[in-house]
> 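Structure incoming, see below.
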2 protein chains.
Amino acid sequence: MTLNTYNKEDKILLAVDCIIFGFDQEELKILLIKRNFEPEQGKWSLIGGFLKKEEILDEAATRVLQHLTGLNEIYMEQLHTFSKVDRDPADRTLSVAYYALIDLSQPDKNTLLKESAKWFTLKDAPKLIFDHNLMVERAMARLRRKALSKPIGFELLPEKFTMRTLQKLYEAILDNKLDKRNFISKFNSLDILIKLKEKDTSSSKKGAYLFQFDAEKYKRKVEEGFSFKL
Amino acid sequence: MTLNTYNKEDKILLAVDCIIFGFDQEELKILLIKRNFEPEQGKWSLIGGFLKKEEILDEAATRVLQHLTGLNEIYMEQLHTFSKVDRDPADRTLSVAYYALIDLSQPDKNTLLKESAKWFTLKDAPKLIFDHNLMVERAMARLRRKALSKPIGFELLPEKFTMRTLQKLYEAILDNKLDKRNFISKFNSLDILIKLKEKDTSSSKKGAYLFQFDAEKYKRKVEEGFSFKL
DNA sequence: GCAAAAGTGTTTTACCTACACCCATGC
DNA sequence: GCATGGGTGTAGGTAAAACACTTTTGC
């Protein structure tokens with residue numbers, strides 16, 4: 001297929017790195033892996049891999065995540081492309097960063113394929129290789145910005161959740177306390193949650209009503225330009 | 001420097017494409033160029049070029065813009081990386097899109113180096129090659145989103161401008177009419193403009209006060225997490 | 001009966017919105 | 001003196017923010 005038109009141009013290695021956020025009903029976590037090849041073998045890193053010639057970026061990100069953790073059907077979003085010339089000392093490599101949010105209360109998502117992969121709370125995360133810390137910072141900023149205008153984070157919760165859990169998630173993302181009553185009435189007014197008859201009694205004697213995300217309603221609202229301010 | 005670690009990985013061509021928005025006090029425009037090489041020679045395209053091995057993306061974007069238009073010291077921002085496998089029929093090529101805003105009232109920015117480059121109003125822009133129309137759409141969406149929460153667009157204006165001009169810019173970006181009084185009091189309350197004693201008499205007999213962007217104040221506010229809602 | 005978490009409303013305040021008239025000047 | 005664009009303020013509604021007590025139940 002190649003027409004030889006671009007023969008003189010440089011070809012470059014393209015990596016994909018994934019910032020995987022998880023929420024375990026209490027804290028926001030991030031998935032890291034101990035690198036098992038040079039350079040920087042043995043250091044902690046984001047999960048990543050190289051883009052193959054016949055692949056699009058979204059596929060590569062999905063493949064990398066699936067391969068190193070067994071996780072699949074995870075919603076990922078492209079974040080930014082990092083290009084500092086010496087960011088990887090082994091070779092000139094660009095990296096396209098992706099980020100995702102996953103629900104750690106589902107046991108199958110909590111168990112990781114590789115021994116070398118591990119969940120860290122954001123505060124305890126070690127220093128990472130290359131520019132990976134920068135990537136995490138940027139992903140965190142994006143997550144925060146999105147959380148303020150979109151009901152992001154349904155990917156980070158089990159199918160059924162309590163208002164308390166939802167609020168804790170938002171508090172973890174935004175890193176501040178929110179008022180319980182205002183939070184609830186805000187989400188009620190958005191009209192994208194279904195209140196179930198069931199209760200969750202795992203964390204209290206009284207039990208808390210479970211809610212579900214109304215994906216249909218939300219989709220319709222998004223099409224009309226839905227967004228809110230928390 | 002290469003450690004041979006990544007020898008088996010694919011290397012890929014990386015392009016940089018620039019969506020250059022301009023504002024001439026009346027309308028929002030976009031800079032396009034008639035392509036003078038294959039494939040798609042003679043068709044309209046964004047300005048673009050290939051990333052060189054020793055270059056970072058921001059530099060490549062700047063170089064491409066400078067080389068094809070003579071424009072320099074333009075603020076650009078990375079938008080998104082496009083990776084559809086057959087987006088360029090000549091060879092597998094990824095493209096990192098950048099966007100910029102420039103002020104067309106300064107005569108030196110209005111004159112273009114190459115005959116083949118031309119400013120189009122958004123409505124009159126022709127169909128573009130590859131996925132460039134998609135890039136423009138996405139850049140436009142980003143610009144709109146940013147305009148609603150940041151005093152973007154100071155890059156699109158001369159150093160001194162009237163409130164009327166600023167409002168017209170916002171109307172062009174958001175594609176709707178705004179109320180004069182509300183707009184002015186909004187911007188006044190943000191406290192990032194300096195009202196000058198000078199007036200601009202080019203568009204009226206009475207003359208309109210000129211304003212300047214207070215970069216210092218704005219920087220301080222940004223550090224404190226400044227943002228607004230228009 | 002008390003500890004622990006759930007649930008629930010009201011008041012105040014800030015901001016957004018809609019709206020219309022006078023002013024200064026050049027011709 | 002009139003046409004053209006420039007400048008200005010207020011009132012009403014909506015949404016955000018602050019705030020405290022009662023309920024349920026297991027122990």
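Chain naming here is simple, since letters A, B, ... match the order of the sequence lines and numbering starts at 1 in each. Worth knowing before you read on, the calculation uses all heavy atoms, side chains too, and leaves out hydrogens, waters and symmetry mates.
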> Looking at Phe130(A), Trp119(A), Phe120(A), which one forms a ring-ring contact (aromatic ring centres under 6.0 Å, His included) with Trp44(A)?
Phe120(A)

> Ignoring hydrogens and geometry beyond distance, is the side chain of Lys180(B) in donor-acceptor contact with the base of dG7(D) at under 3.5 Å?
yes

> CD of Gln167(A) versus C1' of dA5(C): gap in Å, rounded?
13 Å

> Mind checking Lys229(B) for me? I need base, sugar-phosphate or nothing, with any heavy atom below 4.0 Å counting as a touch.
sugar-phosphate

> Would you mind reading off the distance between Leu174(A) atom CG and dA17(D) atom P, rounded to a whole angstrom?
12 Å

> Check the distance between dC16(C)'s P and Phe183(B)'s CZ and give it to me in whole angstrom.
13 Å

> Take atom CG of Asn188(A) and atom P of dA16(D), then tell me their distance rounded to the nearest Å.
14 Å

> Where the side chain of Tyr209(A) is concerned, which of dA18(C), dG7(C), dT8(C) is the nearest nucleotide?
dG7(C)

> Between Arg164(B) and dG6(D), is there a contact of a side-chain N or O with OP1 or OP2 at under 4.0 Å?
yes

> Compile the donor-acceptor pairs under 3.5 Å between side chains in residues 96-105 of chain A and protein atoms, sequence neighbours left out, one pair per line.
{"unit_1": "Tyr98(A)", "atom_1": "OH", "unit_2": "Asp58(A)", "atom_2": "N", "d": "3.3"}
{"unit_1": "Tyr98(A)", "atom_1": "OH", "unit_2": "Asp58(A)", "atom_2": "OD1", "d": "2.4"}
{"unit_1": "Tyr99(A)", "atom_1": "OH", "unit_2": "Glu77(A)", "atom_2": "OE2", "d": "3.1"}
{"unit_1": "Asp103(A)", "atom_1": "OD1", "unit_2": "Ser105(A)", "atom_2": "N", "d": "2.9"}
{"unit_1": "Asp103(A)", "atom_1": "OD1", "unit_2": "Ser105(A)", "atom_2": "OG", "d": "2.7"}
{"unit_1": "Asp103(A)", "atom_1": "OD2", "unit_2": "Ser105(A)", "atom_2": "OG", "d": "3.4"}

> Between Asn188(B) and Ser185(B), do the side chains contain an N or O donor and an N or O acceptor separated by less than 3.5 Å?
no

> Pick the nucleotide of DNA chain D nearest each of Lys199(A) and Asp179(A); which residue has the one closer to the 5' end?
Asp179(A)

> Just the rounded figure in Å: distance from C1' of dT8(C) to CE of Met163(A).
13 Å

> Looking for any heavy atom pair under 4.0 Å, which part of the strands does Ser189(A) touch: base, sugar-phosphate only, or nothing?
nothing

> Could you tell me whether the side chain of Arg181(A) has a donor or acceptor atom within less than 3.5 Å of a complementary atom in the base of dA6(C)?
no

> Using a cut-off of less than 4.0 Å, is there contact between a side-chain N or O of Lys186(B) and OP1 or OP2 of dC16(C)?
yes

> Send over the distance from Lys168(B) NZ to dG6(D) C1', rounded to a whole Å.
12 Å

> Looking for any heavy atom pair under 4.0 Å, which part of the strands does Thr162(A) touch: base, sugar-phosphate only, or nothing?
nothing

> Among dT25(D), dA3(D), dA18(D), which nucleotide sits nearest the side chain of Lys205(A)?
dT25(D)

> Whole-Å distance between dT10(D) P and Asn182(B) CG?
14 Å

> Scan the side chains in residues 214-230 of chain A for donor-acceptor partners under 3.5 Å anywhere in the protein, sequence neighbours excluded, and list what turns up.
{"unit_1": "Asp214(A)", "atom_1": "OD1", "unit_2": "Glu216(A)", "atom_2": "N", "d": "3.4"}
{"unit_1": "Asp214(A)", "atom_1": "OD1", "unit_2": "Lys217(A)", "atom_2": "N", "d": "3.1"}
{"unit_1": "Lys217(A)", "atom_1": "NZ", "unit_2": "Asp191(A)", "atom_2": "OD1", "d": "3.2"}

> Look at the side chain of Lys206(A) and the base of dT23(D), then say whether one donor and one acceptor between them are separated by less than 3.5 Å.
yes

> If the threshold is 4.0 Å, N to carboxylate O, is there a salt bridge linking Lys29(A) and Asp24(A)?
yes

> Look at the side chain of Ser203(B) and decide which nucleotide, out of dA17(D), dT4(D), dG6(D), has an atom nearest to it.
dG6(D)

> Can you tell me how far P of dA17(D) sits from NZ of Lys177(A), to the nearest Å?
17 Å

